[in-house]
> 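Just dropping this structure here.
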Amino acid sequence: MSRTINFARMGLMIAAVLACAAPSWAGRWSIEDAWIPLPPPVSDVAAAYLTLRNSGDRPVTIISVTTKFAKHAMIHTMRMEHGMMKMMALPKLVIRAHGSVVLRRGGKHIMLMGPTRTLHAGDRVRLTLHDQSGAAVTTQATVRDMRK
Ligand SMILES: [Cu+2]
């Protein structure tokens, strides 16, 4: 492998580390690693996943999600019902003191209904999460094509 390629690779790695190392903050809690799997072109919904981290001494209760990308955004969870996985809305999501909550595939997620534009791999979607005290954190979710 040539030295030029090594340097190029190193640059990419540093860029990736910097991108990951910049969480969005609202004092006590933050959002990390927000992403959206690229939905099929005809889909009228998309899911977003992320990690919520609470660095404070008290629990934080997330009560809503807002975004210009979709007509409606809400927090969903998955539950087994009569042998079938079903989605249901979560009116609130509590992050324990010094704890974290991971929204991931097959579990809790942010449901984005009625997208206002077509997504492409690499796009960034602004999502704002609001807690019960009125504080909000905005993050940029990166669209990833999972078929590749
Ligand atoms: Cu859902």
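Bear in mind that the values here come from a model prediction, so they are computed numbers and not experimental data. Because only heavy atoms are used, hydrogens play no part in the values below, and waters and symmetry mates are left out as well, while side chains stay in. Read the numbers this way: they start at 1 and go in the same order the structure lists the ligands and their atoms.
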> Using the ring pair (Phe, Tyr, Trp, His ring centres under 6.0 Å) criterion, which residues pair with F69? Sequence neighbours excluded.
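Listed in chain order: nothing, the list is empty.
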> Any idea how many protein N, O or S atoms are nearer than 2.8 Å to the Cu ion (ligand 1)?
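N, O or S atoms of the protein closer than 2.8 Å: 4.
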> Give me the atom names and distance for the closest heavy-atom approach of A89 to P91.
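Reported closest heavy-atom pair: O-CD, 3.6 Å.
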> Within a 6.0 Å radius of atom CZ on R117, are there more than 12 heavy atoms belonging to other residues, nucleotides or ligands?
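Yes, the 6.0 Å shell around CZ holds more than 12 heavy atoms from other groups.
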> Is the closest side-chain donor-acceptor distance between R124 and T142 under 3.5 Å?
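R124 vs T142: donor-acceptor pair found between side chains.
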> Does a donor on one side chain sit under 3.5 Å from an acceptor on the other, for H98 and D57?
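Short answer, yes.
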> Shared ILVMFWY cluster between I31 and V143, side chains joined below 4.5 angstrom?
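The answer is yes; both residues are in one hydrophobic cluster.
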